[in-house]
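Let me begin by presenting the structure, written as structure tokens, before commenting on it.
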Amino acid sequence: MKLKANSLKDLLIHLGIIIGLGIIIILTFFYIYLPVTTHHGESITVPQLEGVHLDELDEFLLERDLRYEVTADSGYSAEYPPLTVLSQNPKEGKKVKENRKIYVSLNATSPPNVKMPKLVDGSLKNAQMVLESYGLLLGEISYEPHEFQNAVLKQKLNGEEIEQGTDLPKGSTIDLVIGNGLGRPFSMPNVVDNKKEEAEFIIIGSGLQIGKIRTREDDEKAAGIVLQQYPEAGTSVRTGNKVDLWIVAPKNQDELLTPEEI
């Protein structure tokens, strides 16, 4: 009877040892071996893909244990060559698991066409925002006389005016002609045969500026009388325009003109 008791005890001890070893082996396999060999639980930081060419993308992501898929909604940007990444999801810097798929959109091989928007009669600021929303670039800005300052007078492509609704490649450069805000046109007053001081009073009072003053000999008229003006009387002018005068030269030293009047 004593031998049987010892045998049962030894059996239980050996069984406990076997079970314990089994538990240790299982825990070691799942919590030590697998994480070490498969990098289980590790996260990968998504790299920046914007600007990376399609030919380089596969190798670039495989080195980082990631994959990619090109989305159908590819766009266009003049800043990048064709077939380079324009956007990505997840974004750069996000933490993901290995073998995660990154969705990318590529730059089109050729720019799509857009309709030329109507910029004329709007403001320069509005034109800048509209061009940007259409994927067009603002080119050279020139100014012409017009009563409204910064009003768009003309829209041009390659030196030619372009009408609203015309098809053109996205990324095209649009030049604008802008109003200088010098006021409504009016008829140039006549200052010929007036004295220089009176002519200047009329010019300045009309919202115009005194331009160059030149002298000319004339034996029939007194010194300082206006002989000629430019623009001529009756010509269409705008507020702020300059007016040049030609006046009778002095006949003696007592009638010398100031340096700016020579």
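Reckoned from all heavy atoms, side chains included, excluding hydrogens, waters and symmetry mates.
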Please report, to 0.1 Å, the donor-acceptor pairs under 3.5 Å made by any side chain of residues 110-132, with sequence neighbours excluded.
residue	atom	partner	partner atom	Å
Lys115	NZ	Asp167	OD1	3.0
Lys118	NZ	Val120	O	2.8
Ser123	OG	Asn126	N	3.1

Hey, mind stepping through Tyr143 and Val177 against side chain to side chain contact (heavy atoms under 4.5 Å, CB included) and telling me if it holds? CA-CA 6 Å; Tyr143 290 86; Val177 179; over 6 Å; no
Under a 4.5 Å cut-off applied to non-hydrogen side-chain atoms, are [X] and [Y] in contact?
X	Y	result
Val46	Lys91	no
Ile174	Leu157	yes
Tyr230	Trp246	yes
Lys212	Lys242	no
Asp175	Asn158	no
Leu176	Gln155	yes
Leu227	Val248	yes
Ile178	Val152	yes

Restricting to non-hydrogen atoms, name the atom on [X] and the atom on [Y] that form the minimum distance, rounded to 0.1 Å.
X	Y	value
Gln88	Leu49	OE1-N, 2.7 Å
Ile203	Gln209	CG2-O, 3.8 Å
Pro169	Leu136	O-CD2, 3.8 Å
Glu200	Ile213	OE2-CD1, 3.6 Å
Ala199	Val226	CB-CG2, 3.7 Å
Ser236	Pro185	OG-CB, 3.3 Å

Test side chain to side chain contact (heavy atoms under 4.5 Å, CB included) on His53 and Leu83 and set out the steps. CA-CA 6 Å; His53 195 275; Leu83 300 180; 3.9 Å; yes
Do [X] and [Y] meet the criterion of a side-chain donor-acceptor pair at a distance under 3.5 Å?
X	Y	result
Glu50	Tyr80	yes
Arg216	Gln228	yes
Ser105	Thr71	no
Thr45	Lys95	yes

Measuring from atom [atom1] of [X] to atom [atom2] of [Y], what distance do you get when rounded to the nearest 0.5 angstrom?
X	Y	atom1	atom2	result
Ile210	Leu245	CD1	CG	6.0 Å
Leu168	Tyr134	CG	OH	10.5 Å
Asn194	Ile247	CG	CD1	12.5 Å

Report whether [X] and [Y] are members of the same hydrophobic cluster (ILVMFWY, side-chain heavy atoms less than 4.5 Å apart, transitive linking).
X	Y	result
Ile102	Leu106	yes
Leu153	Leu138	no
Tyr76	Leu54	no
Val104	Leu86	no
Val70	Phe60	yes

Sidechain N-carboxylate O distance under 4.0 Å for Lys221, Asp193: yes
Would you call Lys156 and Glu160 a salt bridge, using N to O less than 4.0 angstrom? no
Is there a donor-acceptor pair closer than 3.5 Å between any side-chain N or O of [X] and the backbone N or O of [Y]?
X	Y	answer
Gln229	Met188	no
Arg67	Arg100	no
Glu92	Pro47	no
Ser206	Leu208	no

Note: with side-chain heavy atoms under 4.5 Å as the link, the other cluster members for Leu62 come out as none
Might you work through the salt bridge (charged side-chain N to carboxylate O under 4.0 Å, His left out) test for Glu144 and Lys154, ending with a clear yes or no? CA-CA 10 Å; Glu144 285 186 1; Lys154 299 174 186 176; 3.5 Å; yes
